[in-house]
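For reference, the structure discussed in these notes is given below.
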There are 2 protein chains.
Amino acid sequence: METKGKRILIADDEPDILEIVSYNLGKEGYEVYTAKDGNEAIERAKQLNPDLIILDVMMPKKTGVEVCAILRSQSLFQDTMIIFLTALSDEASHIKGLETGADDYVSKPISPKVLVSRVNALFRRINKDDGKTLKIGNISIDPVKFIVEIEGKEVILAKKEFELLYLLASKPGRVFLRNEILSQVWGMDVIVGDRTIDVHIRKIRQKLGVDCITTVKGVGYKFEI
Amino acid sequence: METKGKRILIADDEPDILEIVSYNLGKEGYEVYTAKDGNEAIERAKQLNPDLIILDVMMPKKTGVEVCAILRSQSLFQDTMIIFLTALSDEASHIKGLETGADDYVSKPISPKVLVSRVNALFRRINKDDGKTLKIGNISIDPVKFIVEIEGKEVILAKKEFELLYLLASKPGRVFLRNEILSQVWGMDVIVGDRTIDVHIRKIRQKLGVDCITTVKGVGYKFEI
DNA sequence: ATTTGTGTAAACTTAATGTTAACATGGAAA
DNA sequence: TTTCCATGTTAACATTAAGTTTACACAAAT
């Protein structure tokens, strides 16, 4: 598996745990970052946009569950994987963690091997292939440089336009429903008018000059050459 | 979450466990199927193509790990989620399970609540709600791309036409009563005239150019090559 | 402070899609 | 054969979704 470049943020107030987990995940090839309390975790998460966040439940400033809830409410962290780390092995907190939107739950005392296994399993399943430059036909979409090139010519898109195009192009041919688009690009909680998506689609079509977005009436839009 | 229609196969040799797990998952809205040994698990998995398989590690005929390995080697089960259920709480088997390609691992004695939570968490993450591409003869119907291909040539259907065709083709040969078609495609509450279905059937026949929808007079329609 | 770019809303137009109604057809039963 | 009934066919019509344009609010840049 390709672990390289996968960013993991781990938050725990016990330096020993931070160290042992960092070491073991680092050995697997992950980029590991740390935070020592809830507030720092949120701050670093926003800076780093990690692929996975491992949260101790019992932390100063904010508990892991609180951090999770706060992050999950933001569209940026909708797809970020979260694992809880806790000494509480009781059932109630277990369920609460998963309901809050965590992807897994590991009880202390943790075995580094088990943790690494679980992390690998999560990454294997998700295989989040983001950040990659998409190349479809003569169109290339680079989310790092924030550039769209079409037949070698650079086209400048606004943020929302870019995100929308990137989403569609990430799975060429696949139809994205309007509410999928809304929740991915705008975020679940945001409410925008009916015509907003259309307007953005229009701008993209206009700027690209090439007809690569197909309307599937009553269903959604898809990227196609 | 929409749990309806998600199929779960659970394999365990202890009837008590089968029952309690079936009951609890059923209550959540999942369609639950059971198997009582490794061979039966494989057989039923092939029949049912479930979204999730819960495997007891210690089973007669074949162990859960063996079943997992066999299924994972087939492309059909590449994306099927698998959870192991085991009394062995030792680390070694834990890791081995995940390495074989399981998505999670739950130790006995299991708490139904914990299991249900984990199942929900897995489904929430994966959200494998895309329908499958149907392939009957030289016709393929892809609900993700919203495309019908016939002899490699793309045919564009409108939403209702597509839904209707997809319904019929989902069970080739089986006759769908007009009522069934109405409630599946239009929704139970919607009232439309008598000729509406016919008109849509006609359009599909016209667009496909191939006669694959058979009228069963006085009864309904069926998809057939 | 002014300009520029971006995102959203509103009003309106256009086009695709869905439905109806009227009539045609064709097969089965009387 | 004639009648009847379910379905096929067609075109008109209704409905709904999407496209378009303009305007405006807001934030960032100058």
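In what follows, chains carry the letters A, B, and so on, assigned in the order in which the sequence lines appear, proteins first and then strands, with residues in each chain numbered from 1.
Scanning DNA chain C 5' to 3' for nucleotides with an atom closer than 4.0 angstrom to a non-hydrogen atom of chain B gives a first and last hit of C:dT17 to C:dG26.
Of the inter-residue distances, the one linking B:Lys46 atom NZ with B:Leu9 atom CG reads 13.0 Å to the nearest 0.5 angstrom. Interatomic distance, A:His200 NE2 to A:Ile213 CD1, rounded to the nearest 0.5 Å: 12.0 Å. The SG atom of B:Cys212 sits 8.5 Å away from the CD1 atom of B:Ile136 when rounded to the nearest 0.5 Å.
In terms of phosphate contacts, A:Arg205 brings no side-chain nitrogen or oxygen within less than 4.0 Å of OP1 or OP2 of D:dT20. When the side-chain nitrogen and oxygen atoms of A:Tyr221 are compared with OP1 and OP2 of D:dG19, one or more of them lie within a distance under 4.0 Å.
Spacing between atom CZ of B:Arg178 and atom C1' of D:dC5 amounts to 12 Å, rounded to whole angstrom units. Distance A:Asp194 CG to D:dA17 C1': 9 Å, rounded to the nearest Å. Look at NZ on A:Lys217: it is 10 Å from C1' on D:dT15, rounded to the nearest Å. If you take NZ of B:Lys160 and C1' of D:dA17, they are 12 Å apart, rounded to a whole angstrom. To the nearest angstrom, P of D:dA18 lies 14 Å from NZ of A:Lys222. One can place CD1 of A:Ile204 at 12 Å from P of D:dG19, the figure rounded to the nearest angstrom. The interatomic distance linking B:Lys159 (NZ) with D:dA17 (P) rounds to 8 Å, in whole Å.
Two residues, B:Arg202 and A:Asp198, neighbour DNA chain D, and the one matched to the more 5' nucleotide by heavy-atom proximity is B:Arg202. Taking for each of A:Lys203 and A:Arg195 the nucleotide of DNA chain C with the nearest heavy atom, the 5'-most of the two is the partner of A:Lys203. Of the residues near DNA chain C, A:Thr196 and A:Leu157, the one whose nearest nucleotide (by heavy atom distance) lies more toward the 5' end is A:Leu157.
What you find for A:Val192 and A:Leu182 is that their closest heavy atoms are CG2-CD2, 3.5 Å.
Looking at A:Lys36 and A:Asp56, no side-chain N of the basic residue comes within less than 4.0 Å of a carboxylate O on the acidic one, giving no salt bridge. Residues A:Glu224 and A:Lys222 are paired through a salt bridge, judged by an N-O separation under 4.0 Å between the basic side chain and the carboxylate. Using a 4.0 Å cut-off between charged side-chain N and carboxylate O, B:Arg174 and B:Glu180 make a salt bridge.
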